[in-house]
Amino acid sequence: MERTGDKLFEKALEYPATLDTVPKIKATTPLIITFDSQTVNDTSLVLDQALVSFQHVDTKNEVALPARAVKSTESYKMDVSRKNFRLHFSSAPGVYNVALVLGSFKQGGLFYDLGNVEMVAPKGTKEKKHEVAYGPKPEIHHRFAEPQKMPNILVSLFFTGLVVVPFIGLLGGWAYLGVNADKLQMEPVGSVVFMGLIAAYITLAISYWIGVKLFPTLTYALVLALPTYLTGQYALSKRIEKRI
Amino acid sequence: MSAVLSALVHDYAAHTPLRLRAIDAYMAFCAVIALVQLVYCVLVGSFPYNAFLAGFGSAAACFVFAAALRIKSDERNAHQFSGSPEGAFAEFVFCHIVLHFIVANFLG
């Protein structure tokens, strides 16, 4: 019975030897390939590319997994973990040709065919079909967003009226208190022009809301700014003078 | 409780100048407008949310500007502020102009 940590198969190869058997690799028995590279002078060679290629002998589909450098031993290690096995081989079991694809900018490249291994699918997994069907995809039927549910129009109109009522109440309250515009006569022309320019600003804000674009609105606001400031300054300073 | 309220109302009517009472009426108006919009949002829902925020924010901001105008217009606070009530009114107008452009942009 297999136990965790048991080595089921171990083979050491020296280039250009290949495997003489086809070992079976299951999802529960991770495949580990370690290798090192040396120059002709027997010095350790740092690789710029170290991949392990698995090519299915029947479908020719290829999976290339990178090998990471292990600095302590100056070697490279590739580990087909359970996650990688599930991702790449569970749905496409079968015999794979294993090869090292090595590259060095200084020394060139090497394709080292190691031999074949058999990837055994776990029980219960469905095999993916390897045929690729070319043709039109199913038609997409666009679903437009459904409009938001809005309240009854009477409710909206009621609350619109409810918002207007306090304004009437405000005017009535001011009338009750005796608020009036008599002191505008202190400076009638300046005050009227000032109030008119304020009304022009409010009209500009409303027109911006209705449809006028931002930059024309800002231009008009800029044009109104100086006269508003000057008339406001004039009207209010005259009022201060007459008050004092 | 009712005695306290009636004393408050009497004192308010007797000692509060007309200008401040007019501003108080405007502040009450802004508060009621904000409340009506809030009740509508709670009852019916917040869609469109930007419109609710623009309306409610506008009423709340008007209330705040009116409060600042009231503070600066009160003669009892004259020693704390260097400007005049007319200057406070000018600031009030400027703030409202900027506010209404922001609200118009946010209304959508």
Side-chain angles (χ1 to χ4, degrees), chain A residues 147-152 155-156 158-180 183 186-187 194-195 197-198 200-210 212 214 217-218 221 224-225 228-229 232-233 235-244, chain B residues 12-13 16-49 51-52 54-56 58-59 62 66 83-94 96-108:
Chain A
Q148 283 269 354
K149 282 184 186 175
M150 297 300 290
N152 195 331
V155 174
S156 298
F158 171 71
F159 275 92
T160 305
L162 212 57
V163 166
V164 173
V165 164
F167 183 68
I168 299 168
L170 175 67
L171 294 176
W174 278 348
Y176 173 76
L177 289 170
V179 173
N180 53 64
K183 286 196 177 170
M186 283 183 183
E187 181 42 58
F194 181 48
M195 295 296 172
L197 286 166
I198 293 171
Y201 262 110
I202 301 301
T203 310
L204 186 61
I206 294 169
S207 63
Y208 174 61
W209 177 48
I210 290 172
V212 177
L214 177 64
T217 303
L218 289 176
L224 287 174
T228 309
Y229 171 75
Q233 172 95 4
L236 292 172
S237 58
K238 282 287 177 190
R239 189 187 158 93
I240 292 172
E241 281 173 22
K242 288 184 180 175
R243 182 164 57 86
I244 295 169
Chain B
Y12 177 81
T16 308
L18 174 61
R19 179 186 296 161
L20 297 185
R21 280 188 278 169
I23 296 173
D24 290 340
Y26 176 71
M27 289 170 66
F29 160 74
C30 293
V32 169
I33 293 286
L35 187 65
V36 168
Q37 291 181 85
L38 185 64
V39 167
Y40 178 80
C41 178
V42 166
L43 287 177
V44 166
S46 59
F47 182 80
Y49 197 45
F52 164 70
F56 186 83
S58 171
C62 289
S84 62
E86 285 77 9
F89 178 72
E91 291 168 6
F92 176 78
V93 166
F94 175 73
H96 267 80
I97 289 171
V98 173
L99 169 70
H100 283 93
F101 274 106
I102 294 169
V103 165
N105 186 52
F106 208 55
L107 263 177

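Bear in mind that the values here come from a model prediction, so they are computed numbers and not experimental data. First the proteins, then the strands, lettered A, B, ... as listed; each starts at 1.
- Minimum heavy-atom separation, B:Ala104 to A:Ala205: CB-O, 3.4 Å.
- Proximity to chain B involves both the backbone and the side chain of A:Leu204, based on heavy atoms less than 4.5 angstrom apart.
- No part of B:Leu35 comes within reach of chain A, as not one of its non-hydrogen atoms sits under 4.5 angstrom from that chain.
- How far CZ of B:Arg21 is from OH of A:Tyr176: 8.5 Å, rounded to the nearest 0.5 Å.
- Expressed to the nearest 0.5 Å, how far CG of B:Leu107 lies from CD1 of A:Ile206 amounts to 10.5 Å.
- Of the atoms belonging to B:Phe89, it is side-chain heavy atoms, and not backbone ones, that fall under 4.5 Å from chain A.
- Within residues 161-170 of chain A, the residues having any heavy atom less than 4.5 Å from a heavy atom of chain B are, in residue-number order, A:Leu162, A:Val163, A:Pro166, A:Phe167, A:Leu170.
- Both the backbone and the side chain of B:Val36 come within contact range of chain A, judged by heavy atoms closer than 4.5 Å.
- At a 4.5 Å heavy-atom cutoff, the contact between A:Thr217 and chain B is made by side-chain atoms alone.
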message: side-chain contact (heavy atoms from CB on, under 4.5 Å), that's the test. Do A:Phe159 and B:Val39 meet it? Break it down for me.
response: CA-CA 9 Å; A:Phe159 275 92; B:Val39 167; 4.0 Å; yes
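- By the 6.0 Å contact criterion, CZ on B:Phe94 is open, its count of non-hydrogen atoms from other residues, nucleotides or ligands being 12 or less.
- Distance check: A:Leu197 CG to B:Ile97 CD1 gives 9.0 Å after rounding to the nearest 0.5 Å.
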